[in-house]
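This report refers to the structure that appears directly beneath it.
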Amino acid sequence: MQAILEIKNLSVSFNTAQGELQAVRDVSFSLNKGEVFAIVGESGCGKSVLCKTIMKLLPDNGFIKGGSILVNGTDITNYCQKDMECLRRKVFSMVLQDPMTSLDPSVCIGKQIAEAVKICNPKMKHNAIYNRVIELMTLVGITNPEYRYKLYPHNFSGGMLQRTVIAMALASEPKILFADEPTTSLDVTIQSQILNLLKDIQKKFQTAIVFVSHDLGVIARVADRIAVMYAGKIVEIGTSEDIFYNSRHPYTWGLMRSLPYFAKNGEELYTIPGMPPVLINPPIGDAFACRNKYALNIDYEEMPPMFKVSDTHYAATWLLDKRAPKICPDIFPPFVLHSCTVPDTRQDEKNSCNISTDTLLDVQHLSQYFKLGKNNVVKAADDLSFQIRRGEIFGLVGESGSGKSTVARCIMNIYKPFLGQILYKGINICDRKQFFKNRKMLQSSRQMIFQDSASSLDKHMTVADIIAEPMKICNIKPKRGSFRNEAEFQLYYVGMDKSYLDKYPDELSGGMRQRVAIARALSMEPELLVADEPVASLDVSLQSQIINLFKHLQSEHGFSFLFIAHDLSVVRYLCDRVGVMYKGKLVEVAPVNELFENPLHPYTKALLSSVPIPDPQREMEKTMLEWREND
Amino acid sequence: MSDNRFTLVGMRPVDKQSPQNTKWYKGKPIFSIVLFLIIVLGCLFCELFIPQDPTYMDLYNANIAPCKKFWFGTDTMGRDIFSMVWYGGRISLFIGFFATAISTSIAICYGAASGLAPKWLDAIMMRFTEIFLSIPELLLVVLIQAVLGDANVISITFVIGITSWVAVAKVVRTEVLQIRNSEYVIAARCMGAGFFHILNKHLIPNFMSSIMFMVVMNIRTAIVYESTLSFMGIGLSTEIISWGSLLSLSEKSLLSGSWWIILIPGIFLITSLLCITDIGNYLRDRKKDINGIKRLFCRK
Amino acid sequence: MINKNPYLYYSRKILIFILSVFLLSIAVFYVARLAPGDALFSYYGSRVEKMSPKERERAEKKLGLDAPIHIQYIRWLENAAHGNFGISFKYKTDVLEVIKERLPNTLLLGGIGFLFIFILSPMLGILCILHNGKWLDKLICKVGTIISCIPEFWMSLVLILIFAINLKWFPSSGAYFIGREGDIWGRILHLILPMTVVIASHLWYYAYMVRNRLLREIGTGYVLLEKSVGFSKRSIIFKHCLRNVLPSYLSIMAISLPHIMGGTYIVETVFSYPGIGTLSYESARYKDYNLLMVLCIMSGTVVILCNIIAQIIDERIDPRIRESETARIMEVSDV
């Protein structure tokens with residue numbers, strides 16, 4: 001079977017102010033008809049750039065440094081934009097990450113799909129185009145297509161918009177579909193629907209799909225073959241079984257092992273230490289060597305070639321060389337041993353030690369309404385009640401729009417709730433009088449960490465100022481002499497050294513910024529820490545570092561922790577009790593093991609079943625519960 | 001040899017490859033800055049090099065084309081244009097900078113107040129600016145001048161200052177509204193920060209960078225405005241030398257064909273304006289690099 | 001503020017309009033009279049200095065300047081309701097007559113200039129975008145920047161110097177050849193130089209704005225998707241980007257109309273073009289109250305009207321603003 005797409009030694013670079021950025025280095029792979037080829041990697045590894053290069057949609061400062069791209073045997077490396085337009089109409093199609101910005105906001109969606117149809121079939125008559133559009137909309141699962149034809153993008157949710165984008169992509173009956181993180185910005189339940197849709201398309205039309213993602217669970221569900229990328233190179237390539245059950249590259253090991261899903265009972269999450277390299281002056285040898293526990297001397301001198309493990313499986317690591325020592329890594333993901341039904345004894349141990357029966361936070365019948373225009377009232381929180389005990393980690397889970405952020409902000413007194421009351425240590429913080437009486441205590445003993453670290457730190461303040469700010473506001477004398485010493489101490493606690501004190505937030509990476517935010521929150525020694533999706537925007541390996549940090553700090557300080565997330569595996573690993581929210585209502589609250597093993601509410605059941613598991617065999621066996629909602 | 005290469009060594013810190021040192025001056029409008037500095041310094045220290053006294057009216061030598069003695073020629077009253085251009089630059093630049101300082105201060109106070117005020121007050125303040133804008137500029141200038149009496153440098157500066165603050169105020173207000181809802185301000189309020197703390201530590205440093213570009217452009221506008229007013233006769237009189245008053249004589253020179261009275265001071269004026277524009281454009285493009293101004297002066 | 005009832009919406013806007021004009025008239029009336037200076041000067045000229053106090057009193061009574069200001073205002077308002085706006089002190093004829101004579105000239109100059117700018121600036125902006133990054137774009141930007149730095153009056157002078165005096169292609173002043181008011185060709189010849197200045201001094205500002213907005217549009221996600229479907233860059237710009245930029249362009253143009261038309265006074269002065277620009281300047285300088293009032297109210301009305309039109313365009317036509325959900329949060333707690 002001839003490959004419809006072949007990439008040979010492709011290198012792509014960008015001209016930046018700091019020099020040449022080598023985004024993709026010497027990548028080779030081939031794509032066969034009708035298969036789903038997944039590219040996994042963290043941000044900055046070059047996977048998006050690879051897709052855009054093949055479709056020649058790079059920005060102006062990007063160029064192909066070397067190598068060739070062959071489509072059905074034809075070399076398209078030097079094609080100009082005009083020739084590419086032909087190819088894009090007939091052979092390629094693309095689905096982008098954020099459906100909200102992928103569509104023209106001023107044109108109705110029916111028309112946009114019609115335009116896509118027209119450009120592939122310029123001679124089609126008006127009626128025929130309309131019929132085709134309805135056909136495509138039905139195909140991708142948009143119900144009531146005749147009515148929805150006239151609606152605009154802002155009338156739709158993310159899932160529907162992504163379906164529209166897929167409809168546009170299918171209009172040309174492409175042979176190759178590039179999906180660049182298509183489900184990353186969608187909710188879990190919608191994500192599983194879209195993934196099913198893509199699988200359907202693959203079966204029906206024999207379309208080859210290049211699926212780019214950083215989420216191993218999603219990849220396990222859809223991929224036939226997988227390539228793992230790091231620092232612009234493919235480090236391992238093989239079938240789904242090869243990669244998940246028999247991986248050979250230390251980076252793949254590290255990636256799998258960092259997932260909370262594989263965390264052994266009570267143990268710290270495995271993390272890959274260090275940071276991905278900056279590709280402006282890439283290191284000479286293996287780029288992963290400085291983070292690799294199993295690095296060899298030669299890794300620092302020469303780049304490893306692709307070693308063959310089997311006909312389908314190749315890995316670029318010197319460990320596969322005949323002369324290399326044989327190692328049996330203890331970080332090999334124990335697929336055979338691990339099973340979800342193993343009871344987690346961690347919870348019972350913990351229960352007896354830290355958590356007291358004292359209630360720290362008592363939320364009673366909390367309701368918060370927002371007005372959108374005259375007749376439209378949105379119930380962001382609807383009669384919510386729950387308690388958080390001292391020393392407990394309480395997880396609040398829900399999809400976007402479920403109201404979890406609203407709850408967090410009500411607890412922190414950012415919003416005044418419409419109804420209900422919140423008792424913190426017995427004080428009703430919604431009552432102005434009581435609040436003002438205990439103001440000082442309340443402001444220092446509750447702290448918050450936000451999702452987007454870039455916007456929660458003031459760009460004009462140095463790290464030292466940011467950490468010292470709460471102390472300056474509350475007029476507290478620094479315990480260790482000066483504010484600077486205090487800041488240094490807090491930074492040390494979160495694992496950063498004092499050289500960061502004079503840096504600005506935009507000089508730091510996402511993980512570092514989040515640590516600074518944590519240091520700022522902890523400098524006041526709070527009793528309640530509220531974290532609103534703190535790890536959502538971080539890569540997997542950074543996520544595990546921050547989660548370990550949270551666990552460590554919580555066990556040392558003993559504060560209560562309200563952890564809000566949409567990623568269920570993280571919640572399962574970290575929390576003691578979990579509450580599930582749906583459209584403003586708290587549908588279920590239970591200790592974590594109970595919730596995951598024996599969910600009671602249908603929504604919880606649907607949610608749990610849609611979470612993608614990074615294990616291909618289990619994914620196939622799983623039956624998915626559909627949660628029907630009005631879209 | 002091969003044994004050594006294949007021994008397990010684990011993680012080793014790799015020397016951080018520093019990015020290629022691009023020349024520090026790349027991308028910065030060096031030419032404009034240098035040229036502008038020459039003009040400013042020349043105007044400030046003109047006494048050191050000008051050949052004639054700029055205010056000396058030598059009617060015998062009126063209307064002479066550029067020649068060896070008078071490099072830029074003389075005007076209708078016999079003053080040496082070369083000296084006048086440098087000497088007058090002082091006043092024009094002074095008016096430009098100080099008028100902008102006045103208008104920027106008013107704009108910041110008004111815009112910040114409007115952005116922080118409750119909604120109804122904000123609406124009233126914005127309506128007021130609209131009505132303010134609808135009064136013809138010229139009328140305002142003439143009337144304010146009439147109130148202040150004879151035009152002199154200070155009064156012109158004041159007049160220009162209080163008629164050109166509106167655009168910057170609107171930008172300040174928009175920025176303040178945006179910053180007010182940003183997460184770091186919310187975080188500060190959770191911690192218990194008071195109004196002034198937020199104003200000083202968060203609001204001001206953040207919107208300053210957004211308005212830098214507009215402020216620089218306002219300097220340019222103020223200089224043009226001054227010259228226009230002087231030209232029309234409601235600015236500085238011809239006794240006070242500025243680029244504007246210099247050009248106000250040029251209308252008469254059309255008839256006598258003395259092109260140098262029109263062209264040369266004009267080109268001087270335009271060159272300074274171009275330098276300011278270039279610097280302003282650079283600041284706007286660098287807005288994304290928030291601390292760029294601080295880093296402008298240090299090389300990594 | 002999107003009400004379901006259009007009548008309520010528009011009548012609200014009309015009410016705001018009338019109120020604003022009314023407030024403006026009061027403001028101008030008071031400010032004009034409170035400023036120091038002798039109003040009698042514009043009527044009597046230099047004879048004022050020689051008048052005895054009794055003669056002054058009589059003169060003031062004759063012109064209606066003796067009463068306190070609010071009474072003067074009420075008188076003026078009563079007369080205005082009947083269409084009588086008083087006489088111009090300087091020209092000693094009915095104010096409306098004076099304006100009628102000169103208004104068409106300014107309308108020609110400002111109006112046609114505005115039309116040219118309205119049509120040419122998007123064209124220039126699109127030209128820059130189509131060749132973005134190449135030499136043409138850079139050249140246009142540089143030239144545009146230089147031209148926008150040139151003060152209007154200087155440009156007028158230089159143009160007169162070159163084209164009227166040295167090359168003698170165009171006349172240097174006036175709106176028409178003397179005695180031949182109806183001669184269209186003559187009018188056109190007189191219009192060319194002043195209009196060039198009006199257009200050149202504003203064109204680049206708007207063209208640059210169109211260019212930047214289009215540049216921003218091109219960076220958005222949907223353009224990438226359209227490209228991947230197979231549209232050419234050209235068709236994306238014309239079919240999609242322009243359409244999205246159009247509402248904000250229209251609303252900015254609405255606001256710039258009074259700015260351009262009112263800003264012709266400099267050009268009119270240098271070219272001795274008999275329009276209402278010079279009229280406003282004179283009436284302000286020499287305290288010709290009645291004329292000043294009418295002119296200010298006229299221009300103020302146009303400004304306020306254009307602002308309201310721009311608001312209407314913003315609210316009704318731009319779909320993003322029209323349907324965007326702006327949640328009014330029910331009390332951000334002032335902790």
Side-chain angles (χ1 to χ4, degrees), chain A residues 17-20 273-274 277-278 280-283 285 289-302 318 321 323-325 327 409 412-414 439-440 442-444 446-452 455-461 465-466 469-470 472-474 504 506-507 517 520-521 524, chain B residues 1-24 26-28 178-179 181-198 200-210 285-295 300:
Chain A
Q18 285 89 19
E20 185 190 329
V278 173
I280 291 186
N281 270 324
C290 55
R291 305 170 74 189
N292 187 1
K293 206 163 124 178
Y294 301 100
L296 307 173
N297 246 334
I298 193 174
D299 275 319
Y300 292 95
E301 292 161 24
E302 241 182 273
W318 285 113
D321 190 302
R323 300 163 281 179
I327 44 166
R409 289 177 179 213
M412 292 298 295
N413 273 116
I414 298 174
R439 207 172 154 168
K440 273 231 167 252
L442 284 173
Q443 277 162 3
S444 61
R446 302 172 307 162
Q447 295 290 334
M448 187 156 175
I449 299 173
F450 297 86
Q451 171 179 0
D452 185 5
S455 57
S456 65
L457 302 178
D458 187 344
K459 295 184 270 266
H460 284 93
M461 293 171 76
D465 287 331
I466 292 173
E469 193 184 3
K472 288 185 190 159
I473 293 174
C474 294
Y504 290 94
D506 54 350
E507 292 175 55
R520 172 176 69 180
M524 297 298 290
Chain B
M1 178 61 182
S2 50
D3 284 344
N4 194 20
R5 280 162 64 194
F6 285 94
T7 42
L8 196 66
V9 288
M11 295 178 272
R12 252 187 7 210
V14 174
D15 293 321
K16 263 207 185 126
Q17 305 263 25
S18 53
Q20 299 159 358
N21 275 325
T22 43
K23 306 187 180 62
W24 65 272
K26 202 159 187 211
K28 299 182 180 127
Q178 205 179 20
I179 296 173
N181 289 321
S182 62
E183 281 175 1
Y184 52 85
V185 171
I186 294 179
R189 276 166 58 186
C190 282
M191 292 184 244
F195 173 77
F196 283 106
H197 175 97
I198 296 182
N200 290 331
K201 286 269 169 144
H202 295 287
L203 286 178
I204 292 183
N206 277 305
F207 68 64
M208 280 310 264
S209 50
S210 312
D285 293 334
R286 293 283 283 182
K287 197 174 73 168
K288 291 173 202 144
D289 181 12
I290 303 292
N291 300 301
I293 312 268
K294 290 183 197 155
R295 289 191 210 140
K300 282 227 198 109

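Residue contact with chain B, scored on non-hydrogen atoms closer than 4.5 Å, involves the side chain of A/K472 exclusively. Using a 4.5 Å cut-off between heavy atoms, A/S444 makes no contact with chain B at all. Using a 4.5 Å cut-off between heavy atoms, A/P273 touches chain B through its side chain atoms alone. Residue contact with chain B, scored on non-hydrogen atoms closer than 4.5 Å, is absent for A/R446. For A/N292, the part lying under 4.5 angstrom from a heavy atom of chain B is the backbone only.
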TODO: Carefully, step by step, assess B/N206 and A/H460 under the rule side chain to side chain contact (heavy atoms under 4.5 Å, CB included).
DONE: CA-CA 7 Å; B/N206 277 305; A/H460 284 93; 2.7 Å; yes

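When each of A/I449, A/D458, A/I466 is scored by its heavy-atom pairs under 4.5 Å with chain B, the top score falls to A/D458. The most heavy-atom pairs under 4.5 Å with chain A, out of B/H197, B/M191, B/K201, come from B/M191.
Scored by the side-chain hydrogen bond (donor to acceptor under 3.5 Å, both in side chains) test, A/E302 finds B/R5 as partners (sequence neighbours excluded). Taking A/D452 as the reference, nothing meets the salt bridge (charged side-chain N to carboxylate O under 4.0 Å, His left out) condition, with sequence neighbours excluded.
Across all non-hydrogen atoms, the minimal contact from A/R520 to B/A187 is NH2-CB, 3.9 Å. Across all non-hydrogen atoms, the minimal contact from B/C190 to A/Q443 is O-CG, 3.5 Å.
Within the 4.5 Å cutoff, side-chain heavy atoms of A/R409 are placed close to those of B/I186.
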